[in-house]
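Keep in mind that what you see is a predicted model, and the values were worked out from it rather than measured. One is the number of the first residue; the rest follow in order along the sequence. Just follow the structure's listing: the first ligand is 1, and inside any ligand the first atom is 1.
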Amino acid sequence: MGGGWPYKEGWLLGLILGLLLQGNSNVFTINCTGFDVHGLNPAAFQSVFDKKAFRPVVNPNMPTRVNISFALSAILEVDAQIQLLTSFIWLELFWKNHFISWDPKECGGITDVTVAAEHLWLPDIFIVEFMDVDRIPTDLMAYVNYQGNIKYKKPMKVTSICKLDIFYFPFDQQNCTLTFSSFLYTVNDMLLGLEKEVWQMTDTSQDLVQTQGEWQLLDIKKATPKLAVGSSLYDQIVFYVAIRRRPRLYIINLLVPSGFLIAIDALSFFLPAESGNRAPFKMTLLLGYTVFLLMMNDLLPASGTPLISVYFALCLSLMVVSLLEAIFLTYLLNLVTKQPPPMPLWLHSLLLHYLRATACCQKRLRKENGPPDPSAICVPSLKELGGRAWLNGDLPSTWAQLEHQQKVDIWVKFSLVLDTLLFCIYLVFMTSSLTTIIVLWQN
Ligand SMILES: *[C@@H]1O[C@H](CO)[C@@H](O)[C@H](O)[C@H]1NC(C)=O
Ligand SMILES: *[C@@H]1O[C@H](CO)[C@@H](O)[C@H](O)[C@H]1NC(C)=O
Ligand SMILES: *[C@@H]1O[C@H](CO)[C@@H](O)[C@H](O)[C@H]1NC(C)=O
């Protein structure tokens with residue numbers, strides 16, 4: 001019994017003393033005498049360094065508040081195929097180490113010192129989207145002030161997963177998230193906060209991102225949802241980083257040449273169909289376009305179906321269709337000049353109707369613009385066509401030849417009208433589909 005009392009007493013005394021000392025921050029005061037004369041004394045800090053393994057709070061029930069700030073200094077790569085964003089950031093962490101404090105008056109007004117970060121407890125803040133090992137330099141320093149406030153800054157090359165949508169390539173915007181959270185500590189042990197306002201971080205980042213690379217930083221927004229895993233709740237800060245692609249390279253290398261080629265293809269309808277030059281010309285154009293697509297394939301995103309692929313496919317099919325039309329027309333002209341079949345009556349009257357309408361239009365135009373041309377054909381008929389052929393000097397030796405010539409003539413006329421009609425359909429289809437794509441890109 002007698003031996004028990006001193007033990008119990010000592011334990012009680014220790015508890016009371018401990019409680020008293022907890023309120024008294026002096027117990028963790030570093031003796032900084034002579035720092036300004038002899039430099040820092042490692043022995044004075046030894047007690048702090050020894051406690052490195054523990055969260056620096058006096059009462060373990062008290063959460064540590066870690067304030068975060070970061071600046072994006074470069075957007076290095078955006079890989080749509082594996083959905084990764086590689087960026088470079090400067091992460092700043094601020095927290096209070098309750099084991100450190102000293103009186104600046106005792107040591108010539110020294111208010112802050114730098115300490116090798118490896119000797120201090122560091123918060124285990126990580127980025128949830130991180131898809132790589134953290135390769136930060138190991139010998140970093142931290143600023144420690146006389147009240148125990150610590151400022152720790154580290155550079156990070158962040159390869160983070162990001163949901164990329166390349167449909168609007170090359171006019172796309174991406175919205176990537178960077179979620180900062182503690183690896184281990186729940187809300188009972190660690191709370192996260194922001195050191196600066198988000199707009200200040202955005203401004204700093206926009207100043208820092210000096211690279212005139214492909215990507216431009218638009219905006220950073222934040223959200224602070226808590227993450228519940230089982231029964232534990234983790235604090236986290238989510239940053240939404242909005243970036244936009246600079247499309248100039250792709251406009252110059254992809255869209256403009258493609259536009260030129262399709263314009264030439266449209267203009268090649270003005271080559272005379274009878275000369276037979278049109279089909280070879282279009283064939284060459286198509287070949288050129290295929291080579292262009294092969295060469296520029298590297299510039300396109302490797303995965304997904306962006307709108308630009310639809311645009312290329314559309315241009316290619318327009319060229320193929322116009323080549324087919326040229327081939328068909330050459331075939332038709334060839335056929336009708338050799339063996340013209342009799343023209344169906346409805347087709348003939350339709351053709352006459354059309355020709356009359358256009359010719360009268362032309363007449364009206366001529367009347368308005370100058371003296372009428374006597375050789376204007378207003379209403380061609382079978383007889384007239386034959387007559388003209390005769391006047392032109394191809395004197396038909398027999399009536400059958402004359403009839404043949406008439407047939408050929410009316411068929412050639414029909415072919416040319418058909419050509420104009422198909423050209424109009426082609427133009428309407430081309431302009432409507434290209435405007436649709438451009439309007440989609442505008443959004
Ligand atoms: C601080 O350390 C110096 C010697 O380095 C010693 O003289 C002084 O008494 C110490 N002060 C306190 C408050 O312990
Ligand atoms: C963190 O930020 C809050 C509010 O901005 C501030 O009250 C607190 O002192 C900061 N904590 C640290 C350790 O800097
Ligand atoms: C990015 O996405 C988040 C949520 O999906 C949204 O709150 C935020 O406004 C988006 N940012 C931009 C710039 O679109």
First-shell residues of ligand 3 [heavy atom, distance under 4.0 Å]: N175, Y240, A242
field: Option passing side-chain contact (heavy atoms from CB on, under 4.5 Å) with Y146 (candidates P104, C107, C32)
entry: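 That would be P104; it is the only one of P104, C107, C32 passing the side-chain contact (heavy atoms from CB on, under 4.5 Å) with Y146.
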query: In chain order, what residues pass the side chain to side chain donor-acceptor pair (under 3.5 Å) check against Y234, with sequence neighbours excluded?
result: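 For Y234, no residue satisfies side chain to side chain donor-acceptor pair (under 3.5 Å) once neighbours in sequence are set aside.
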Atom of G193, atom of I237 and distance for their closest heavy-atom approach: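 Looking at all heavy atoms of both residues, the closest pair is O-CD1, 3.6 Å.
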field: Residue portion contacting ligand 2 (non-hydrogen atoms closer than 4.0 Å) for V66
entry: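 The answer is neither.
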statement: So salt bridge (charged side-chain N to carboxylate O under 4.0 Å, His left out) across residues 194-206, not counting sequence neighbours, yields none
task: Report the relative orientation of the aromatic rings in F423 and Y426; use parallel for angles under 30°, tilted for 30 to 60°, perpendicular for over 60°.
output: parallel
message: If you take the centroid of each ring, where Trp contributes its six-membered ring, are F99 and F54 closer together than 6.0 Å?
response: no
task: Could you list which atoms of ligand 1 come closer than 4.0 Å to a heavy atom of T33?
output: 1 (C)
Any side-chain donor near an acceptor of the partner, Y250 and E214, under 3.5 Å: yes
- prompt: For L194, is the nearest heavy atom under 4.0 Å from an atom of ligand 2?
  reply: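 L194: in contact with ligand 2 (<4.0 Å).
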- prompt: Considering distance alone, does some N or O of N67 sit under 3.5 Å from an N or O of ligand 2?
  reply: yes
field: Where ligand 2 meets E195 - atom numbers and elements under 4.0 angstrom, heavy-atom basis
entry: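 Going through ligand 2 atom by atom, the ones under 4.0 Å from E195 are 14 (O).
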task: With sequence neighbours excluded, tell me which residues meet ring-ring contact (aromatic ring centres under 6.0 Å, His included) with F126.
output: F183
